[in-house]
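Structure first, commentary second.
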Amino acid sequence: VSVVASNEQPVQSSKLSNVDWWQPFYRQPVFDLGKSGNVDLQNIYSPLYNAAIVDKYVHEQFRSGAEHHADKYVMYDYYEFYLRRAFEQIGLGLGDNKSIKILDLGSGSGNTIIPLLRLLPDCQLLASELSAEMLVTLKQALTRQGLVGRCGLLQLNAEDLDFEPGSFDLIVGGAILHHLFDPAKTIMGCARVLRPGGAAIFFEPIQSGHLYLQFVFQAILDHDNAASLPAEVANYMKAWVTNIDMIKGEDKSAQRFLMIDDKWLFPNSYLRRASKAAAFSECRIDSLSAPDGRFERQASTVLEQYAGLKREVIPEWVWNFIKQYDQCLSNAQKSDTVIEGCVIFRK
């Protein structure tokens, strides 16, 4: 995908549709990237960001690797389930929603967009993403699902929400805040562009659960049976433990964070401070997983899905060891030891 500035004039829609309903609320001039001649970019709008801004935030997996990433991470059913649950928490019914205006941040290839259009078929939805390449994959997904033309597509930096105050009823972000340098800035922006009574729903990694799993992995590496670990298992656990140490702090100014895509594991305190600073009335953090077997399931995800290690190469004593640690925490304690969380800010 080639994204270049052109001599085209900013888009000025005389008749607003499902793809441009949001334009009167956005305070910058926008351009249809398809005017450059690339048909894949048609109806994808942009304020034409400086290339340095895009390079700072968007890593290669979301650019040249956009199509592979989109194919690998198709999670419509996953997000539909948790969006339903979040809607119950904020009192949003699935019936009369014709006037609801939604901004989706970090839309990627559509993991939250497709479920939103399924659950709220009459909503006005704006999908946003800084990677134009990912927006192309989203447009392709909408076409496959028969949903093309059902939402706007905007190239947008999630740390720069330059919309009129009170533009949206709902903001959704599926795994976006932890990619940012300054998530609190985005949370502040959400509070400004939400109408009174609106809500922002984010799905994010939480520090407490990751630190507990880090402790479990390190205990396995220090175990008397550690010599029986296959090298690929031991090496991945070591790398995972090291990575947690690298990103668990709140200062992201170090040069290495320019190269790290997943920058945050959120302490509850950080999210609550950001909520208070933005004058949200509530910040709710709920686990996405049930307490029973929570850490065994997450260890399985880390080792089998992330690392590509088949279960049979991991010694059975490792799984038994993780189960023992899983049983050490009461369900009440596990409610405070969240690995992946649904974070809801209420205005």
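Sequence positions, counted from 1, serve as the residue numbers for this chain.
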Quiz item: How are the rings of Y212 and Y325 set relative to one another: parallel (under 30°), tilted (30 to 60°) or perpendicular (over 60°)?
Solution: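 Geometry flag for Y325 against Y212: perpendicular rings.
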Practice problem: Over 60° means perpendicular and under 30° means parallel, so classify the ring planes of H223 and F321, tilted if in between. | Solution: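 Rings of F321 and H223: perpendicular, over 60°.
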Give a yes-or-no answer on whether the side chains of [X] and [Y] include a donor-acceptor pair shorter than 3.5 Å.
{"X": "D251", "Y": "S253", "answer": "yes"}
{"X": "D245", "Y": "T242", "answer": "no"}
{"X": "R294", "Y": "S289", "answer": "yes"}
{"X": "Q140", "Y": "D40", "answer": "no"}
{"X": "Q218", "Y": "D222", "answer": "yes"}

Mark yes or no for whether [X], through its side chain, and [Y], through its backbone, hold a donor-acceptor pair below 3.5 Å.
{"X": "Y306", "Y": "S300", "answer": "no"}
{"X": "D32", "Y": "Y45", "answer": "no"}
{"X": "Y82", "Y": "L288", "answer": "yes"}
{"X": "H178", "Y": "D262", "answer": "no"}
{"X": "D286", "Y": "C342", "answer": "no"}
{"X": "R297", "Y": "A290", "answer": "yes"}
{"X": "K347", "Y": "G197", "answer": "no"}
{"X": "E129", "Y": "S131", "answer": "yes"}
{"X": "N235", "Y": "A231", "answer": "yes"}
{"X": "R311", "Y": "L303", "answer": "no"}

Over all heavy atoms of both residues, which pair between [X] and [Y] is shortest? Give the atoms and the distance, please.
{"X": "F266", "Y": "E204", "value": "CE1-OE1, 3.7 Å"}
{"X": "Q207", "Y": "L265", "value": "NE2-O, 3.1 Å"}
{"X": "H59", "Y": "L258", "value": "CE1-O, 3.3 Å"}
{"X": "P47", "Y": "Q28", "value": "CB-OE1, 3.5 Å"}
{"X": "A226", "Y": "L221", "value": "CB-O, 3.3 Å"}
{"X": "T137", "Y": "G108", "value": "OG1-O, 4.4 Å"}

Heavy-atom side-chain contact between [X] and [Y] under 4.5 Å:
{"X": "E159", "Y": "Y57", "result": "yes"}
{"X": "I90", "Y": "L170", "result": "yes"}
{"X": "V30", "Y": "Q23", "result": "yes"}
{"X": "Y236", "Y": "E232", "result": "no"}
{"X": "I285", "Y": "R272", "result": "yes"}
{"X": "I102", "Y": "L126", "result": "no"}
{"X": "L41", "Y": "L135", "result": "no"}
{"X": "V136", "Y": "I44", "result": "yes"}

Exercise. Salt-bridge test for R84 and E88: reply yes if a basic N is under 4.0 Å from a carboxylate O, no otherwise.
Key: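 A salt bridge is absent here (no side-chain N lies under 4.0 Å from a carboxylate O).
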Quiz item: Is E250 paired with K263 through a side-chain N to carboxylate O contact shorter than 4.0 Å?
Solution: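 Answer for the salt bridge query: no.
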Quiz prompt | Rounded distance [0.5 Å steps], CG in L194 versus CD1 in I171 | solution =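 Answer for the CG-CD1 pair, L194 versus I171, is 4.0 Å.
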Honestly curious: do [X] and [Y] fall in one hydrophobic cluster under the side-chain, below-4.5 Å linking rule?
{"X": "V193", "Y": "M188", "result": "no"}
{"X": "I100", "Y": "L125", "result": "yes"}
{"X": "V343", "Y": "I247", "result": "yes"}

Quiz item: Which residue, L105, D162, L130, forms the side chain to side chain contact (heavy atoms under 4.5 Å, CB included) with L156?
Solution: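 With L156 as partner, L105, D162, L130 yield a single side chain to side chain contact (heavy atoms under 4.5 Å, CB included), made by L105.
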Practice problem: Tell me whether the guanidinium CZ or amine NZ of K101 lies under 6.0 angstrom from the six-membered ring centre of W22 and within 45° of its axis. | Solution: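 No, a cation-pi geometry is absent between K101 and W22.
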Quiz item: Are K56 and F181 in a cation-pi contact, defined as NZ or CZ under 6.0 Å from the six-membered ring centre and within 45° of the axis?
Solution: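 Yes; both conditions hold, so K56 lies above the ring face of F181.
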Practice problem: Take I206 and L271 through the side-chain contact (heavy atoms from CB on, under 4.5 Å) test and state the conclusion after the steps. | Solution: CA-CA 10 Å; I206 305 300; L271 296 169; 4.0 Å; yes
Practice problem: Would you sort out whether L229 and W317 count as a side-chain contact (heavy atoms from CB on, under 4.5 Å), showing the intermediate values? | Solution: CA-CA 10 Å; L229 288 172; W317 71 264; 4.1 Å; yes
Quiz item: Going through the checks in order, is the salt bridge (Lys or Arg N to Asp or Glu O under 4.0 Å) test met by R118 and D77?
Solution: CA-CA 11 Å; R118 289 175 180 172; D77 292 341; 3.6 Å; yes
Quiz item: Stepwise, does the side-chain contact (heavy atoms from CB on, under 4.5 Å) test hold for C151 with I113?
Solution: CA-CA 9 Å; C151 71; I113 294 296; 4.2 Å; yes
Quiz item: How about F25 and F163: are their ring centres within less than 6.0 Å of each other?
Solution: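 Judged by ring-centre distance (under 6.0 Å), F25 and F163 do not meet the cut-off.
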Practice problem: Would you please test N111 and Y78 for side-chain contact (heavy atoms from CB on, under 4.5 Å) and show each step? | Solution: CA-CA 8 Å; N111 279 326; Y78 174 90; over 6 Å; no
